[in-house]
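All remarks here apply to the structure that follows.
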Amino acid sequence: MTTLAILTAAGSGTRLGRDVPKALVELGGVPMVALAARGLADSGVVDALVVTSPAGRSAEIRTAVGSLEVDVRVVDGGGTRQASVAAGLGLAGPDVDVVLVHDAARPLTSPETVRRVVAAVRDGHRAVVPGLPVTDTIKRVVPDDGAPSGAHGRPGPVAERVVDTPDRTVLRAVQTPQGFDRELLVRAHTEGASRAAAEHLAATDDAALVEALDEPVHVVVGDPEALKITTERDLALAILLLEDR
Ligand code: CTP
Ligand code: MG
């Protein structure tokens, strides 16, 4: 029984807009990828780690992760998150029965959350995601081509039209790490491989590829502090949460 964690860190962090890849940006003096790796290692249920690196940055990523109690390998990621996960999955040998996929962009994920996900997979649920209730009211929209234009022919303030309002009580905001039976995740990535090349087609999480196989995906309670760092505002908030620990 071996659990391998794939830690995705190959993104460029365009929306954060720094001159280094997002995974190397520091919180309290520690690179995001190192914090995320430590959370996985500290869970005590991860045996090995594969970190996906931006091309040409693997030495920096390895140095940033530093030494951990688990075996760490670094692999070049791909052009999309899905392609990066597939590259990491290529290093999961037949000895691996459970695979976790986690984002360096969620450096505050607690070891308890990691253990909860792995426990659910080991309990027989072959695909497991951490999820949180949604507090905002969510609306589904479409582009509104018929919107009246604003003054002087400039685009008006209205660009979209609401289609419907899904019942909030049945929605979950899902996080990582997501946990899978290795064979199921490999099949999901193989079947979904044609989507991996382009950002607009690629799956934004691994569970979606499993759902596409019509295989069940289960939810465990997520981690309210494990926010995803996308913008400078998220980073500022994460630094405050980290200082509070
Ligand atoms: N990721 C990856 N390979 C890619 C793209 C993303 O491994 N080709 C990783 C990122 O490093 C991150 C996670 O997937 O840990 C989630 O992606 P996201 O938050 O979108 O990060 P970036 O793609 O780096 O950011 P942006 O979209 O703003 O460029
Ligand atoms: Mg991205």
Side-chain angles (χ1 to χ4, degrees), residues 4-27 30-41 46 49-65 72-92 99-109 113-114 117 129-132 173-180 185 188-189 192-209 222-223 225-239 242:
L4 173 83
I6 298 169
L7 181 58
T8 67
S12 52
T14 315
R15 289 167 290 179
L16 196 57
R18 298 289 186 96
D19 52 8
V20 291
K22 182 160 71 178
L24 294 171
V25 172
E26 295 182 356
L27 274 77
V30 186
M32 246 183 252
V33 67
L35 287 167
R38 217 177 275 171
L40 290 165
V46 170
L49 188 60
V50 171
V51 186
T52 72
S53 166
R57 297 270 192 171
S58 58
E60 280 165 273
I61 290 284
R62 184 176 288 279
T63 304
V65 171
V72 179
R73 282 168 291 171
V74 178
V75 65
D76 275 357
T80 61
R81 181 187 182 280
Q82 184 185 332
S84 292
V85 174
L89 203 48
L91 272 63
V99 177
L100 286 181
V101 185
H102 188 38
D103 290 339
R106 289 189 193 272
L108 301 187
T109 301
T113 306
V114 179
V117 171
V129 300
L132 291 172
V174 306
Q175 306 178 315
T176 64
Q178 300 188 346
F180 305 91
L185 188 61
H189 271 269
S194 63
R195 301 171 57 182
E199 189 75 49
H200 69 284
L201 296 175
T204 53
D205 79 345
D206 298 275
L209 296 174
D223 187 343
E225 288 210 353
L227 81 160
K228 174 142 173 270
I229 297 178
T230 306
T231 62
E232 283 291 343
R233 187 177 166 280
D234 302 327
L235 186 63
L237 184 56
I239 289 168
L242 194 63

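A quick note: this is a predicted structure, and the numbers were derived from the prediction, not measured. Along the sequence shown, residues carry numbers from 1. Numbering of ligands and ligand atoms starts at 1, following listing order.
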Original post:
Listed by chain and number, what are the side chain to side chain donor-acceptor pair (under 3.5 Å) partners of Ser12, not counting sequence neighbours?
Top reply: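 Here the qualifying residues are Thr14.
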
**OP:** Apply side chain to side chain donor-acceptor pair (under 3.5 Å) to Thr204 and list each qualifying residue two or more places apart in sequence or on a separate chain.
**Re:**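 If we apply the side chain to side chain donor-acceptor pair (under 3.5 Å) test to Thr204, skipping adjacent residues, there are no hits.
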
**OP:** Quick one: which residue pairs count as a salt bridge (Lys or Arg N to Asp or Glu O under 4.0 Å) with a foot in residues 51-64, not counting sequence neighbours?
**Re:**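 The answer is Arg57-Glu60.
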
**OP:** Could you tell me whether the side chains of Gln175 and Asp223 share a donor-acceptor contact shorter than 3.5 Å?
**Re:**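 Result is no, nothing qualifies.
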
Original post:
Would His189 and Asp206 satisfy side-chain contact (heavy atoms from CB on, under 4.5 Å), going step by step from the backbone distance to the final call?
Top reply: CA-CA 8 Å; His189 271 269; Asp206 298 275; 2.8 Å; yes

Original post:
Does Asp103 come within less than 4.0 Å of Arg81, counting only side-chain N to carboxylate O?
Top reply: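 Yes, charged N to carboxylate O under 4.0 Å.
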
Nitrogen or oxygen contacts under 3.5 Å, ligand 1 side and protein side:
from     : atom 1 : to     : atom 2 : distance (Å)
ligand 1 : 1 (N)  : Gly11  : N      : 3.4
ligand 1 : 3 (N)  : Ser84  : OG     : 2.6
ligand 1 : 7 (O)  : Ala10  : N      : 2.9
ligand 1 : 7 (O)  : Thr52  : OG1    : 3.2
ligand 1 : 7 (O)  : Ser84  : OG     : 3.4
ligand 1 : 8 (N)  : Gly78  : O      : 2.9
ligand 1 : 8 (N)  : Thr80  : N      : 3.4
ligand 1 : 8 (N)  : Thr80  : O      : 3.3
ligand 1 : 11 (O) : Ala10  : N      : 3.3
ligand 1 : 11 (O) : Gly11  : N      : 2.9
ligand 1 : 14 (O) : Thr8   : OG1    : 3.2
ligand 1 : 15 (O) : Thr8   : O      : 2.8
ligand 1 : 15 (O) : Thr8   : OG1    : 3.4
ligand 1 : 15 (O) : Ala104 : N      : 3.4
ligand 1 : 15 (O) : Ala105 : N      : 3.3
ligand 1 : 19 (O) : Lys22  : NZ     : 2.8
ligand 1 : 19 (O) : Lys228 : NZ     : 3.3
ligand 1 : 20 (O) : Arg15  : NH2    : 3.1
ligand 1 : 21 (O) : Lys22  : NZ     : 3.2
ligand 1 : 24 (O) : Ser12  : N      : 3.2
ligand 1 : 24 (O) : Gly13  : N      : 2.8
ligand 1 : 27 (O) : Arg15  : NE     : 3.4
ligand 1 : 27 (O) : Arg15  : NH2    : 2.9
ligand 1 : 28 (O) : Thr14  : N      : 3.3
ligand 1 : 28 (O) : Arg15  : N      : 2.8
ligand 1 : 28 (O) : Arg15  : NE     : 2.9
ligand 1 : 29 (O) : Gly13  : N      : 3.4
ligand 1 : 29 (O) : Thr14  : N      : 2.7
ligand 1 : 29 (O) : Thr14  : OG1    : 2.9

